[in-house]
Colleague: 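Sharing a structure here in structure tokens format.
For ligands, and for the atoms within them, numbers begin at 1 and follow the listed sequence. The figures here come from the full heavy-atom set of this structure, side chains too, leaving out hydrogens, waters and symmetry mates.
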Amino acid sequence: MEISNQDVPRIIGNGHSGRKVYGTAIRLVLASSIAGYIPFTMAHAQTAVTPVPGFPAPTTHSQQAYSPFDTFTSRWTRADARQIKARSDPNVAVGANSMPTSVTMPDIPADFPQTNPDVWLWDTWTLIDAHANQFSYNGWEVIFALTADPNAGYTFDDRHVHARISYFYRRAGIPASARPRNGGWIYGGHLFPDGASIKVFGSTTLTNNAEWSGSTRLLKTDGNEVAVFYTALGFNRTADGANVAPPVAIISKANGRIHADLNHVWFTGFNNHTGLLQPDGTYYQTGQQNEFYSFRDPFTFEDPQNPGQTFMVFEGNTAGERGAKDCTAADLGYQAGDPYAEDLDTVQNSGATYQKANIGLAVSTDSSLTQWRFLPPLISANCVNDQTERPQVYIKDGKYYLFTISHRSTFAAGIDGPDGVYGFVGNGVRSDFEPLNWGSGLALGNPTDLNTAAGSDFDPDPQQNPRAFQAYSHYVMPNGLVESFIDTVEGRRGGALAPTVKIQISDAITQIDLSYGQNGLGGYGNIPANRHDLDWQGFVRDLLRSGTSSSANVSLASFVQQQ
Ligand SMILES: OC[C@H]1O[C@@](CO)(OC[C@@]2(O[C@H]3O[C@H](CO)[C@@H](O)[C@H](O)[C@H]3O)O[C@H](CO)[C@@H](O)[C@@H]2O)[C@@H](O)[C@@H]1O
């Protein structure tokens, strides 16, 4: 039986709470199914999803767009997240709608190169404009990364409380095949002057502070002023590293200027750091509500559907007391009569109420981007996952993708999935987002046991599964290129840029491009600019005039002459 959109309950359309709603209507197609419960195959928006035997059907998400200022928050439900396992296990998910390999990052070799032997680096991002185009500056590609000192006496896992934002640069326009194996990034040093970022905390007493992720905007594409949006972290710790109070997290901004000559790139400014946002306890959980709260990782952008406004997405948690048993049937997201649905009380008593991530939204209220106002979250993952980190907005073919990274360890009881990048698609910044890839959300995960016929779970046992944590902090770049950093491969710790991979993105489906690089693995740290600032041509003229004839400069010159 088919029902038209007139018959669909008012989850969509202009009548819903008087909200302005964007986009097209949906159709539900009912079909016969297993086990005699209300049978259906969904044909919402574009993706048809058939339930996997033994698993629930995913939640119906219309992809319907709402105004960014609306109160609608989409849900990544338990019914959705259970699709990760349902559709990953080749023993279960055979045939259509399964994803045994299409969302798995290829194996990184254990002999990977360090990006720089003198620094550990992890979360990495690029110099972008308001639409996430990646700019070179005067012929140099520039990246920013969280870094720590491998020789300072702390462990790789304790690096977070010592994190400083650093920058790296390399000549633009040279193909990955002509670069050194480690990508050829030159370490530029810490981005901010020593002692500058702690000023955000004013007179608050701290034992130490750190700089966490992370995005950098070239404010005018024909200028050199940049704004760094980052998370200032303040800690009060005992000598053995225990927090005596919840860390203070302040989403902050500092402005500076980029400079470059024929030999190097450098920055000035960044002396004044402005705190922009701290959680409000209404939409976004505070440290008082939960000492393990997450509030960080700002990413700013302009939305073509709402010209003149600058928005920010960030990582948050649903406000309220830690562990409060207030997940709802909608957070679980099961269809009526689904035999594989869970009981709400059982879920809440499992400890899942400690996992309540969200992706937050804020809007700037001044032209200098120093005043911001919270808007309701875009997505919540109540009773599903505790951390939706480093969110980004990615617009392609008129579709709005929200990508976010998450860990296996932060999924709620009863849900399993790999460390990796998860994604959601809608028709606007605020949408009823459909989790990518058959409702699961998984866009690109680390290799797991589920990729082998013998596998049955995401067991990170290093013997069976030495690459379960091979890479993390994936960032999706123009043209579907995805960069990340190496965490652990066969027990070897990384702190280096991972090989770039490429995903094909088409509506609600993503698939790794195995024709990219060698069997899907491109160059280590292949993070190319897709735009070049206006001085680029002049810079290259100077370069040619200077007679500098290193192989890199010759490659650059020949590349430019082809443009
Ligand atoms: O360094 C803080 C920034 O890093 C992010 C994203 O990578 O948060 C990561 C997080 O740590 C986990 O991920 C690590 C891999 O990067 C892993 O090595 C570690 O074992 C994990 O705990 O850092 C905090 C503090 O540990 C934790 O809550 C996160 O999951 C990003 O969100 C931060 O800005």
Colleague: Out of Tyr137, Tyr169, Phe168, which one pairs with Val265 under the side-chain contact (heavy atoms from CB on, under 4.5 Å) rule?
Modeller: Tyr169

Colleague: Using 30° and 60° as the class limits, which term best fits the ring planes of Tyr394 and Phe403: parallel, tilted or perpendicular?
Modeller: perpendicular

Colleague: Would you confirm whether the ring centroid of Phe295 sits within less than 6.0 angstrom of the ring centroid of Phe314?
Modeller: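 Under 6.0 Å, so yes.
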
Colleague: Got an N/O contact under 3.5 Å between Tyr472 and ligand 1?
Modeller: no

Colleague: Would you kindly specify which portion of Thr410 sits under 4.0 Å from ligand 1, judged on non-hydrogen atoms: side chain, backbone, both or neither?
Modeller: neither

Colleague: Hey, what's the ring geometry for Phe374 with Tyr284, parallel, tilted or perpendicular (30° and 60° as the breaks)?
Modeller: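 Judged by the thresholds at 30° and 60°, the geometry between Phe374 and Tyr284 is tilted.
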
Colleague: Counting only heavy atoms, tell me which of His162, Arg159, His407 gets closest to atom 16 (O) of ligand 1.
Modeller: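 Looking at heavy atoms only, Arg159 sits closest to atom 16 (O) of ligand 1.
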
Colleague: Is it the side chain, the backbone, both or neither of Phe156 that has a heavy atom closer than 4.0 Å to ligand 1?
Modeller: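 No part of Phe156 comes within reach of ligand 1.
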
Colleague: Identify, by atom number and element, the atoms of ligand 1 in contact range of Glu315, meaning under 4.0 Å from any of its heavy atoms.
Modeller: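 Those qualifying, in numeric order: 32 (O).
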
Colleague: Under 3.5 Å, is there a donor-acceptor pair between the side chain of Asn290 and the main chain of Gly287?
Modeller: no

Colleague: Can you tell me if Asn272 has over 12 outside heavy atoms packed within less than 6.0 Å of its CG?
Modeller: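 No, the 6.0 Å shell around CG holds no more than 12 heavy atoms from other groups.
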
Colleague: For atom 28 (O) of ligand 1, grab the closest protein heavy atom and report residue, atom and distance to one decimal in Å.
Modeller: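 Its nearest protein heavy-atom neighbour is Gln387 NE2, 2.9 Å.
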
Colleague: With heavy atoms of Asp487 as the reference, note each atom of ligand 1 found under 4.0 Å away.
Modeller: 15 (C), 17 (C), 18 (O)

Colleague: Around atom 25 (C) of ligand 1, find the nearest protein heavy atom and jot down its residue, atom name and distance.
Modeller: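 Closest protein heavy atom to atom 25 (C) of ligand 1: Trp212 CH2, 3.6 Å.
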
Colleague: To check you understand the geometry: which heavy-atom pair defines the closest contact between Pro528 and Arg170, and what is its length?
Modeller: N-NH2, 4.4 Å

Colleague: When you look for heavy atoms under 4.0 Å from ligand 1, do you find them on the side chain of Ser213, its backbone, both, or neither?
Modeller: both

Colleague: Would you verify that at least one protein heavy atom lies under 4.0 Å from atom 13 (O) of ligand 1, or report that none does?
Modeller: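 True for atom 13 (O) of ligand 1.
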
Colleague: At what distance is the nearest protein heavy atom to atom 34 (O) of ligand 1, and which residue and atom is it?
Modeller: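 Atom 34 (O) of ligand 1 sits closest to the protein heavy atom Asp297 OD1, 2.7 Å.
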
Colleague: As a check for students: among Asp386, Asp157, Thr231, identify the option with a heavy atom nearest to atom 20 (O) of ligand 1.
Modeller: Asp157

Colleague: Taking only heavy atoms of Phe485 into account, list the atoms of ligand 1 that are under 4.0 Å away from them.
Modeller: 15 (C), 16 (O)

Colleague: Check step by step if side chain to side chain contact (heavy atoms under 4.5 Å, CB included) holds for Phe235 and Asn243.
Modeller: CA-CA 7 Å; Phe235 298 95; Asn243 286 326; 3.9 Å; yes

Colleague: Would you tell me which option among Glu389, Arg390, His160 has the nearest heavy-atom contact to atom 1 (O) of ligand 1?
Modeller: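 Looking at heavy atoms only, His160 sits closest to atom 1 (O) of ligand 1.
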
Colleague: Please identify which atoms of ligand 1 are closer than 4.0 Å to at least one heavy atom of Asp123.
Modeller: 3 (C), 4 (O), 5 (C), 6 (C), 7 (O), 31 (C), 33 (C), 34 (O)

Colleague: Which atoms of ligand 1 are found less than 4.0 Å from any heavy atom of Ser473?
Modeller: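 Counting from 1, the qualifying ligand atoms are 7 (O).
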
Colleague: Check this for me: does any side-chain nitrogen of one of Arg373 and Asp280 sit under 4.0 Å from a carboxylate oxygen of the other?
Modeller: no

Colleague: Report the relative orientation of the aromatic rings in Phe411 and Trp76; use parallel for angles under 30°, tilted for 30 to 60°, perpendicular for over 60°.
Modeller: perpendicular

